[in-house]
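Residue numbers start from 1 in every chain, and the chains themselves are labelled A, B, ... in the order their sequence lines are given, proteins ahead of strands. Only this structure's heavy atoms are used, side chains among them; waters, hydrogens and symmetry mates stay out.
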2 protein chains.
Amino acid sequence: MRRHADYRQLIRDVLRDAAGPLTADDLRTALVETGIGIATVYRHLKAGLHDGDFVSVELPDGPLRFESASRPHHHYFACTRCEKVFDVEGDLDGIERLVPTGFELNDHEVILSGLCRDCVSSYEREC
Amino acid sequence: MRRHADYRQLIRDVLRDAAGPLTADDLRTALVETGIGIATVYRHLKAGLHDGDFVSVELPDGPLRFESASRPHHHYFACTRCEKVFDVEGDLDGIERLVPTGFELNDHEVILSGLCRDCVSSYEREC
DNA sequence: GTCGTTGCAAAGATTTTGCATTACC
DNA sequence: GGTAATGCAAAATCTTTGCAACGAC
């Protein structure tokens, strides 16, 4: 089996092409043909976070997810039924207004939750 | 040692008086004199989440935190230096605008991050 | 006595680390 | 050969679960 592939670049590629943030195990699965181990995935993710290649997103009730830092600013919609996570375009106004006096704002994250389109549809069918 | 105290109520009391969201272990520590076990803390938190007594907040790089559901709607400021979490008053406009067509929004969460007042001060002193 | 609650410990799930081995140059 | 990266497995951390014992009534 091939070893010492450019795993960092492979992880970058997978994250760049993903529709939303991925877990470490999602990445290992995507790269399973290379034989990458989960420890190596975590090591590259951690190094990439430090280097600014990736950002991490913590969502309710799930493992940490990662995505490419180069994606345009966006937020998330977490479906409480199917547990999928969707990227959401756009941003909010007035964020600075929330920051307490003397605090220094560096980043922000908005997580919407509810039902995604598919789950709204299947819920309506069931009732 | 006293057993079968009204642990749910004790947990409610601690969360009601807290300055921000607490971890399960914070709660066990706060109630250590009662001899409560961590499993019981988690069991009441889980039941209370289901009953709508508590809400959970997942913040970057830390265990799940909990707070009273009865607190007025607010958001969080997570200091990246001292890792404390502060409640933030107020809310944002235009959240509905972000929701993709066909999705049903039930909740949202805003997590600001940066430096808290104390860390801004000590950072300035150091430089 | 019955039923629900509890503590403890074990199990799960996720993430990190130690270490010998391997690949690259 | 020397250096850095890797896989495996153990450890660490956080959370859940099984179960026997206990308390409330």
Looking at [options], which one has an atom nearest to any side-chain atom of [X]?
X       : options               : answer
A:Tyr7  : D:dT15, C:dT15, D:dT6 : D:dT6
B:Ala39 : D:dT17, D:dT15, D:dG7 : D:dT17
B:Tyr42 : D:dT15, C:dT15, D:dT6 : D:dT15

Legend entry - Near-ring test A:His44/A:Tyr42, centroid separation under 6.0 angstrom: no

Whole angstrom value for the distance that separates [atom2] of [N] from [atom1] of [X]:
X       : N      : atom1 : atom2 : result
B:Asp6  : C:dG4  : CG    : P     : 17 Å
B:Lys46 : C:dT6  : NZ    : P     : 16 Å
B:Leu64 : D:dT16 : CG    : C1'   : 13 Å
B:Leu10 : C:dT6  : CG    : C1'   : 14 Å
B:Ile38 : D:dT15 : CD1   : P     : 8 Å
B:His44 : C:dT5  : NE2   : P     : 8 Å
A:Leu31 : D:dG7  : CG    : P     : 11 Å
B:Glu58 : D:dC14 : CD    : C1'   : 11 Å

Inset, instruction - Check whether the side chains of B:Ser121 and B:Asp118 place a donor and an acceptor atom closer than 3.5 Å, and report yes or no. - result: no

Legend entry - Under 3.5 Å side-chain donor-acceptor pair for B:Thr29 and B:Asp26: no

Inset, instruction - Would you check if B:Glu58 and A:Ile111 make a side-chain contact, meaning some heavy-atom pair closer than 4.5 Å? - result: no

Legend entry - 5' priority, DNA chain C, between A:Arg43 and A:Thr23 [closest heavy atom]: A:Thr23

